[in-house]
Amino acid sequence: MTIVSVAGACSRSGKTALAATLLRALPAGKAAAVKFTTTEDVFERCPRGTPCVVCDIDVPYRLIESPDVLRQPGTDTDRLAEAGAARVIWAIAKRKAAAQAWRAVEERLGPAPLVVMEGSSVVELARPATLFFVVHPFLSTERWKPQSGPLLRQADIAVVNLAASELRRPAAAVLEAARRMRGRDDLLVADVTKPLREWAPDVAARLAA
């Protein structure tokens with residue numbers, strides 16, 4: 001199994017958008033897609049303020065493959081399916097059960113030759129062949145996930161997701177922090193919803209091969 005993984009510094013950075021772009025760079029049905037979500041072991045209050053399938057998990061982990069859940073319009077999983085994934089698996093795991101959940105995902109995927117995966121906490125477990133790390137251009141680094149530094153250094157491609165319609169440049173503080181954490185000055189600034197060949201042609205060529 002070859003895994004192409006997308007991690008991100010924070011919510012709204014563009015992880016799902018980039019994963020969908022990667023899927024669209026492949027022939028339809030070429031790759032499976034996995035969304036891996038980790039949640040706290042004990043929740044006091046859902047951040048959404050209402051009950052949800054993530055925060056209300058009452059088992060160590062859950063794998064969701066039902067189209068009734070995955071294909072709800074506007075959801076991340078629906079976007080992955082629309083982008084051409086052969087199948088979509090959504091794994092929701094408490095942090096202590098993440099390794100167990102990942103093993104279950106591997107078993108469920110079976111002989112899938114190529115997997116496009118979205119999720120930050122699962123990277124260490126999955127050990128992807130190619131890792132993308134996506135950064136929001138304006139959100140304060142104080143809102144970045146704790147594992148952002150190590151993932152940013154590890155990533156094969158680090159991209160600041162700036163919409164083509166955005167007139168502003170990425171925040172200087174964001175660029176400075178990302179470069180410092182990465183340890184080298186090779187950040188891409190691109191709209192990750194655009195075709196991969198337009199902003200990462202080398203990667204697009206490798207995927208096509």
Side-chain angles (χ1 to χ4, degrees), residues 1-134 145-147 151 192-193:
M1 182 191 304
T2 299
I3 301 173
V4 180
S5 190
V6 179
C10 55
S11 61
R12 296 171 54 202
S13 59
K15 295 188 298 295
T16 303
L18 177 49
T21 293
L22 293 172
L23 288 165
R24 285 193 294 269
L26 297 163
K30 177 71 173 180
V34 174
K35 180 176 174 65
F36 199 98
T37 304
T38 52
T39 184
E40 299 297 336
D41 295 311
V42 178
F43 252 105
E44 295 183 359
R45 183 179 66 85
C46 176
R48 294 175 181 266
T50 57
C52 72
V53 68
V54 175
C55 297
D56 288 348
I57 186 171
D58 55 0
V59 291
Y61 71 89
R62 178 178 293 127
L63 302 187
I64 299 175
E65 295 182 85
S66 168
D68 291 341
V69 177
L70 299 180
R71 296 309 308 266
Q72 293 182 23
T75 60
D76 291 349
T77 51
D78 185 55
R79 293 166 67 190
L80 296 176
E82 283 292 325
R87 61 188 293 198
V88 179
I89 298 175
W90 183 14
I92 305 170
K94 295 184 178 181
R95 292 193 183 280
K96 290 183 179 179
Q100 184 182 1
W102 174 244
R103 288 193 295 271
V105 169
E106 286 185 304
E107 292 177 3
R108 195 69 61 89
L109 286 169
L114 181 61
V115 176
V116 174
M117 182 172 65
E118 175 197 336
S120 298
S121 58
V122 71
V123 169
E124 184 177 352
L125 299 168
R127 300 185 181 278
T130 302
L131 174 61
F132 286 80
F133 190 88
V134 61
K145 298 175 182 178
Q147 67 267 41
L151 288 175
V192 301
T193 67

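Heavy-atom basis, side chains included; hydrogens, waters and symmetry copies ignored.
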Visitor: Name all residues meeting the side chain to side chain donor-acceptor pair (under 3.5 Å) criterion together with Thr21; count only those two or more places apart in sequence or in a different chain, and write none if there are none.
Guide: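 So Thr21 forms a side chain to side chain donor-acceptor pair (under 3.5 Å) with Arg24.
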Visitor: Between Phe133 and Val6, does a side-chain contact (heavy atoms from CB on, under 4.5 Å) hold up when you go through it step by step?
Guide: CA-CA 6 Å; Phe133 190 88; Val6 179; over 6 Å; no
Visitor: Return the set of residues passing salt bridge (charged side-chain N to carboxylate O under 4.0 Å, His left out) with Arg108 (not counting sequence neighbours), or none when no residue passes.
Guide: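 If we apply the salt bridge (charged side-chain N to carboxylate O under 4.0 Å, His left out) test to Arg108, skipping adjacent residues, the hits are Glu65.
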Visitor: For Thr2, give me all partners under side chain to side chain donor-acceptor pair (under 3.5 Å), at least two apart in sequence or on another chain.
Guide: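 Listed in chain order: nothing, the list is empty.
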Visitor: Please step through side-chain contact (heavy atoms from CB on, under 4.5 Å) for the pair Met1 and Leu109, ending with a clear verdict.
Guide: CA-CA 9 Å; Met1 182 191 304; Leu109 286 169; 3.9 Å; yes
Visitor: What's the spacing between Ile3 CD1 and Glu106 CD if we round to 0.5 Å?
Guide: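 Atom-to-atom, Ile3:CD1 and Glu106:CD are 6.5 Å apart.
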Visitor: Test of understanding: with salt bridge (charged side-chain N to carboxylate O under 4.0 Å, His left out), list the residues that count as partners of Lys15, not counting sequence neighbours.
Guide: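 Checked Lys15 against salt bridge (charged side-chain N to carboxylate O under 4.0 Å, His left out); zero matches.
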Visitor: Is there a side-chain contact (heavy atoms from CB on, under 4.5 Å) between Phe132 and Val192? Walk through the geometry before answering.
Guide: CA-CA 11 Å; Phe132 286 80; Val192 301; over 6 Å; no
Visitor: I'd like to check the side chain to side chain donor-acceptor pair (under 3.5 Å) partners of Ser11; sequence neighbours left out, ordered by chain and number.
Guide: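 Expected list: none.
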Visitor: Quick test of your reading: applying side-chain hydrogen bond (donor to acceptor under 3.5 Å, both in side chains), list the pairs with at least one residue in residues 113-123, sequence neighbours left out, ordered by first then second residue.
Guide: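 Checked against side-chain hydrogen bond (donor to acceptor under 3.5 Å, both in side chains) - neighbours excluded - the pairs reaching residues 113-123 are Thr16-Glu118, Lys35-Glu118, Thr38-Ser121.
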Visitor: Can you name the residues that form a side-chain contact (heavy atoms from CB on, under 4.5 Å) with Ala31, not counting sequence neighbours?
Guide: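 For Ala31 the side-chain contact (heavy atoms from CB on, under 4.5 Å) partners, ignoring immediate neighbours, are Leu23, Leu26, Leu114, Val116.
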Visitor: Does the pair Glu40/Arg95 count as a salt bridge with the N-to-O cut at 4.0 Å?
Guide: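 Result for this pair is yes, salt bridge flagged.
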Visitor: Decide side-chain contact (heavy atoms from CB on, under 4.5 Å) for Leu63 and Trp90; before the verdict, give the C-alpha distance in whole Å, the side-chain angles of both, and the deciding distance to 0.1 Å.
Guide: CA-CA 6 Å; Leu63 302 187; Trp90 183 14; over 6 Å; no
Visitor: Tell me whether Lys145 at atom NZ has more than 12 heavy atoms from other residues, nucleotides or ligands lying less than 6.0 Å away.
Guide: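 Above 12, so yes.
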Visitor: Working to the nearest 0.5 Å, report the span between CD1 of Ile92 and OG1 of Thr39.
Guide: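 Interatomic distance, Ile92 CD1 to Thr39 OG1, rounded to 0.5 Å: 8.5 Å.
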Visitor: Evaluate whether atom CZ of Arg12 has more than 12 neighbouring non-hydrogen atoms of other residues, nucleotides or ligands under 6.0 angstrom away.
Guide: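 At most 12 heavy atoms, drawn from other residues, nucleotides or ligands, come within 6.0 Å of this atom.
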Visitor: Nearest 0.5 Å please: distance from the CG atom of Leu22 over to the CE atom of Met117.
Guide: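 Going from the CG atom of Leu22 to the CE atom of Met117 covers 12.0 Å.
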Visitor: Mind checking side-chain contact (heavy atoms from CB on, under 4.5 Å) for Ala99 and listing every partner two or more places apart, or none if nothing turns up?
Guide: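 So Ala99 forms a side-chain contact (heavy atoms from CB on, under 4.5 Å) with Arg103, Leu125.
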